[in-house]
Structures are given as C-alpha cells and as structure tokens.
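Letters go in sequence order (proteins before strands), and every chain restarts at 1. Model, not experiment: these values are computed from the prediction.
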2 protein chains.
Amino acid sequence: MAHLQHRPGQGRRRASHSMESVLTEAVALLDEAGAHALTFRALAQRLGGGVASIYWYVANKEELLDRATDHVIGKVLADIEALPGGDDPVDDLRAMALTLFDAIVDRPWLGAYFMRNTDVQGNSLRLYERLGQQTLRLDLSARQRFHAVSAIVGVVVGSAVDMGQEPPKEVLDGAVDRDEFLGRYAQAWRELDPGDFPFVHEIVDEFDGHDDVDQFRSALDLTLAGLRLQAGA
Amino acid sequence: MAHLQHRPGQGRRRASHSMESVLTEAVALLDEAGAHALTFRALAQRLGGGVASIYWYVANKEELLDRATDHVIGKVLADIEALPGGDDPVDDLRAMALTLFDAIVDRPWLGAYFMRNTDVQGNSLRLYERLGQQTLRLDLSARQRFHAVSAIVGVVVGSAVDMGQEPPKEVLDGAVDRDEFLGRYAQAWRELDPGDFPFVHEIVDEFDGHDDVDQFRSALDLTLAGLRLQAGA
DNA sequence: GAGTACGATAGAACAACGTTCGATACGAGG
DNA sequence: CCTCGTATCGAACGTTGTTCTATCGTACTC
C-alpha cells in the first residue's frame with residue numbers, strides 16, 4: 001500500500017515560532033502537568049507546529065529543560081533583586097532563600113532542574129551571585145563564604161527535592177487530597193512497634209498534616225543560625 | 001515473510017532468578033554506568049534471561065529502583081548501627097550523616113532515589129528512625145525533633161543531588177578529569193566582570209578543585225551548630 | 001504413572017519517547 | 001527569475017517501559 005502523500009497546497013498553515021514562545025509554552029506544560037508532560041510532541045501540538053521545528057531552537061531535551069528553568073529563574077531573580085534589603089545580611093539571605101523556595105512551591109518541577117547547568121543558565125549564576133554578595137557583608141573567609149552559599153542552596157534543593165516528587169496520581173487527580181495522603185502514611189507509622197520506632201511515634205503527629213514551608217523554614221533557620229555563629233555576630 | 005519460530009527443544013537453557021540476584025545485578029549496573037544504564041533489557045541480558053521475567057519480581061521500573069536503593073541502604077544502615085556512639089548526640093548525628101554521605105559518594109545514583117518511597121523502602125525508614133533517636137537525647141520539642149531530622153536529611157540530599165548529576169560524558173570517558181572540568185568553569189567565571197560578580201570572583205579559587213566532601217561537611221556543621229544552639233547545649 | 005495446577009520464564013509485540021533526515025516553504029537580495 | 005539562508009514539517013529510526021500470550025518445570029493429586 002502506498003503511503004499517503006502530503007499535499008502542500010491546501011494543507012494547514014505553517015506555524016511561526018520564536019524562542020520566547022517555545023519556552024513559554026514549555027513552562028506552561030510543566031506547570032500544568034509536571035515534568036513527564038513535557039514531550040516534544042505535546043509541545044509541538046501546543047505551538048501548532050511540527051515536532052522537528054523545536055530542534056531549530058534547542059539542541060535536545062536537556063537544553064530545553066535548562067532554558068525553560070532559566071526562563072522562570074529569571075523572574076525569581078527579579079523578585080529577589082526587588083527585595084528591600086536591610087541591616088542584617090543573614091536576614092536578607094533568609095528572605096532571598098524564602099523567595100526562591102516560594103517559587104519552587106508554585107512550580108515543583110523547578111526543584112529537580114534548578115542549579116544543574118550554570119553554563120546555559122545565566123540567571124542561576126546571577127542568583128548564586130546575589131546570595132553570595134550578602135556573605136561579603138559577613139566576617140568570613142572566602143572558603144567559609146563559598147561553603148555558606150553552597151549550604152543554603154543545598155537546603156533549598158534538599159527540601160525542594162523532597163517536595164518535588166510527584167504524588168502517586170491519586171492526589172494529582174484530586175481523588176485524594178494531600179492531607180489524606182499524609183494521613184495514610186501517618187497511620188502506617190502509628191502501627192509500627194513503639195519499641196523499635198520510638199522516634200517515629202514521637203513525631204508522627206507532627207508529620208501528619210505538616211506544612212512543607214514550615215519544614216523548609218526550620219531547616220533554613222538552623223543553617224542560618226550556624227552561619228551567624230560562624231560570623232561571630 | 002513468515003516470522004521465525006522459537007524452537008524450544010534445542011534452545012538455550014531457561015534462566016532461574018531470585019529477588020536477590022535481580023537486585024544485585026541491578027545495583028551492579030547502576031554502579032558501573034549510572035542510572036541511565038539500568039534498563040530492563042540490559043538487566044535481562046545480565047541475568048541471562050528474558051525481559052518479561054523481571055516483571056515477576058517487580059511491578060515496574062519505579063519499584064525496581066526503590067528496591068535497589070533499599071537494598072544498598074540496608075548496608076548503610078548496618079554501618080550506621082555499627083557506629084560506636086558517644087556522649088554527644090549531635091556528634092553521633094554527625095557521624096551518621098557522614099556515613100550516609102560516604103555511601104552516596106561511592107554510589108552517586110543513590111542521591112537521586114534515596115528517600116523517595118518509605119513505603120517499600122523499609123530501610124530508609126529505619127535509617128530515619130536511627131537519626132531521630134539521637135534527637136530524643138536532646139532537649140527539644142517533638143516538632144523541633146521532626147524538623148531537625150528533616151533538615152539533616154535535607155542537607156544530605158541537597159549535597160547529594162548537586163553531586164549526583166552525571167558529568168557531561170567527557171569525564172565519564174576519562175578524557176577529561178574532574179579537576180580539569182571544574183577548572184573550565186572556574187576559568188569562565190574568572191572572565192566575568194568583577195563589578196557585576198564580586199562574590200563569584202571572591203570564591204572562584206575555592207571552587208576550583210574543591211572537594212565535595214568538604215562542602216558537605218561544612219553544610220552539615222552549620223545545621224548541627226544551629227541544632228546545638230536550639231537544644232541549649 | 002497420567003493429569004493438573006501453579007510458580008516461573010520467555011519472545012514478540014505495542015505505545016510512547018527523543019532524535020534525525022530529507023524535503024519544502026518563505027522572504028530578502030542579486 | 002533565480003538563489004541562498006532561514007525556518008518549518010512529516011516521516012522514519014532506535015530505544016525505552018510495559019503487556020500479552022505461550023510455554024516450561026516441578027510438585028502434588030487421583
């Protein structure tokens with residue numbers, strides 16, 4: 001059987017893209033349905049064009065992800081640069097980290113790709129620089145400053161990864177909400193032997209219905225308290 | 001053309017697996033060539049059997065990954081339980097976290113999958129419990145204990161993720177070693193405008209040729225210092 | 001010992017994905 | 001009108017996770 005031929009004359013219009021539109025639609029896909037939803041075919045359909053056209057703008061999927069992340073990190077950077085800024089550099093660091101974390105709460109997929117490639121992702125480097133500039137106001141060695149910023153980014157990424165893993169599709173469908181999902185885990189934990197798992201029993205009520213932002217803020221504050229101590233303030 | 005028929009008589013022997021052998025070979029694949037090397041076909045070939053046989057032991061790839069990580073976390077847990085243990089609970093926490101991190105240094109793929117599903121991964125839960133038991137020796141509220149352990153795990157995961165991303169295959173082939181890879185980044189950073197990037201210039205020498213373990217230890221110590229402060233010790 | 005039920009294995013096929021290829025449209029400049 | 005570089009697209013390729021269906025081998029039953 002002969003293959004169907006494409007008839008150019010009365011076919012559909014050709015689509016006209018741009019780097020901007022490609023990234024915007026890619027981010028929209030990621031926002032709407034998570035990382036696994038961003039495929040070249042889905043993106044092409046959204047753009048009203050062909051699959052191969054996207055490859056004119058990006059070399060491969062990794063670069064697509066990198067550019068998409070950089071695209072939204074740009075807005076986060078703008079938010080961070082718009083922060084008032086006060087007397088205490090540690091407080092400023094705290095505000096910056098919280099702004100970054102808020103953005104990841106809104107876009108859980110960010111956590112997985114953020115800070116992967118500072119080569120293409122120029123905005124990540126600028127964000128890194130902005131955090132570091134606050135440490136310049138502290139009495140620290142260069143090595144301590146380097147480690148301090150790495151630690152803060154590590155706390156953000158660590159919490160974000162914990163948060164970014166997609167719930168097992170019952171809660172994504174809305175059939176089960178997050179609290180009930182957490183409650184099931186909590187219930188399973190409560191049924192463990194208290195002799196073998198004293199700590200789990202101690203904190204199970206805290207775990208049940210806990211807030212991710214609280215958890216992150218606490219972790220961040222521990223690091224910042226350590227930093228304050230190190231800076232001798 | 002007719003398909004070739006499988007002749008059972010003089011064909012090769014049937015393979016005989018076990019949960020143990022499946023996980024062992026899966027871990028071996030992960031160790032040898034990273035996460036992308038673990039495919040059902042590669043694993044089946046290693047086991048000398050068919051692809052579908054693996055599905056008798058695990059429901060899907062996610063469960064395979066979960067069980068594989070749990071398999072090696074079991075050894076880490078044994079190492080941690082074998083730790084001497086001293087007067088200071090914070091020091092013990094430090095030793096535990098370092099043991100865990102060492103295991104991730106040996107197996108970078110661990111960082112990405114560790115602590116994803118405590119349902120199947122019973123050893124992760126036990127590890128979590130072990131960390132938590134140290135906080136029971138500190139003067140903290142239940143919520144503070146919960147947040148403390150989350151923070152420590154967050155620091156480990158945050159550093160591990162930073163470390164776990166596969167280098168761009170030049171260093172994996174051995175054509176370029178890690179120091180040279182870091183050096184290229186450092187060089188690019190040095191060429192940035194010092195007015196726009198004062199912090200990057202401040203720490204570029206620290207970044208160049210830095211040690212991941214040092215970086216992790218510093219981040220961990222900041223968190224632990226904050227924890228000590230919180231416990232009022 | 002013939003029959004059977006079940007644990008276990010396996011090849012083939014399927015759908016979806018990232019990626020490549022070759023062809024083709026389009027506008028600007030000669 | 002022709003040409004060239006930019007931009008687009010359908011079709012195909014190879015690989016992946018997964019499912020289907022058929023089979024083997026062993027232990028147990030009558």
Can I get a per-line list of side-chain donor-acceptor pairs under 3.5 Å for residues 44-53 of chain B, giving both atom names and the distance, sequence neighbours left out?
{"unit_1": "B:R46", "atom_1": "NE", "unit_2": "B:E25", "atom_2": "OE1", "d": "2.7"}
{"unit_1": "B:R46", "atom_1": "NH1", "unit_2": "B:E32", "atom_2": "OE1", "d": "3.1"}
{"unit_1": "B:R46", "atom_1": "NH2", "unit_2": "B:E32", "atom_2": "OE2", "d": "3.1"}

Table please: side-chain donor-acceptor pairs of residues 96-108 of chain A below 3.5 Å, with sequence neighbours left out.
{"unit_1": "A:T99", "atom_1": "OG1", "unit_2": "A:A95", "atom_2": "O", "d": "2.8"}
{"unit_1": "A:R107", "atom_1": "NE", "unit_2": "A:D31", "atom_2": "OD1", "d": "2.9"}
{"unit_1": "A:R107", "atom_1": "NE", "unit_2": "A:D31", "atom_2": "OD2", "d": "3.1"}
{"unit_1": "A:R107", "atom_1": "NH2", "unit_2": "A:D31", "atom_2": "OD2", "d": "2.7"}

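For the pair B:D79/B:L83, no side-chain contact is recorded, criterion being any heavy-atom separation below 4.5 Å from C-beta on.
Inter-axis angle, ends of the helix from C:dG1-D:dC30 to C:dG30-D:dC1, five pairs per end, rounded to 10 degrees: 30°.
A tilted orientation is assigned to the rings of A:W189 and B:Y128, their planes being inclined by 30° to 60°. The aromatic rings of B:F181 and B:Y185 sit perpendicular to each other, their planes meeting at more than 60°, with 30° as the lower class boundary. Ring planes of B:F207 and A:F146: perpendicular class, angle over 60° (limits at 30 and 60°).
Residue B:K61 contributes atom NZ, which lies 21 Å from atom P of C:dA15 at whole-angstrom precision. The separation between A:E62 atom CD and C:dG18 atom P is 13 Å, rounded to whole Å.
A salt bridge links A:D205 with A:R190: the closest approach of a Lys/Arg side-chain nitrogen to an acidic carboxylate oxygen falls below 4.0 angstrom. Salt-bridge check for B:R67 with B:D70: failed, with every basic side-chain N at 4.0 Å or more from each acidic carboxylate O.
Listed by residue number, the members of residues 36-43 of chain B with any heavy atom below 4.0 angstrom from DNA chain D are B:L38, B:T39, B:F40, B:R41.
You'll find that the side chain of B:Y55 is closest to D:dT19, out of C:dT20, D:dT19, D:dT16.
Listed for the B:S21 side chain is no donor-acceptor partner under 3.5 Å among the backbone atoms of B:H17.
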Are any protein N/O atoms closer than 3.5 Å to N/O atoms in nucleotides 4-8 of chain D? If there are, list each pair with its distance.
{"unit_1": "D:dT8", "atom_1": "OP1", "unit_2": "A:H17", "atom_2": "N", "d": "2.7"}
{"unit_1": "D:dT8", "atom_1": "OP2", "unit_2": "A:Y57", "atom_2": "OH", "d": "3.0"}
{"unit_1": "D:dT8", "atom_1": "O2", "unit_2": "A:R14", "atom_2": "NH2", "d": "3.0"}

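For B:E129, the side chain to side chain contact (heavy atoms under 4.5 Å, CB included) test picks out A:F197, A:P198, A:F199, A:V200, B:Q133, with sequence neighbours left out.
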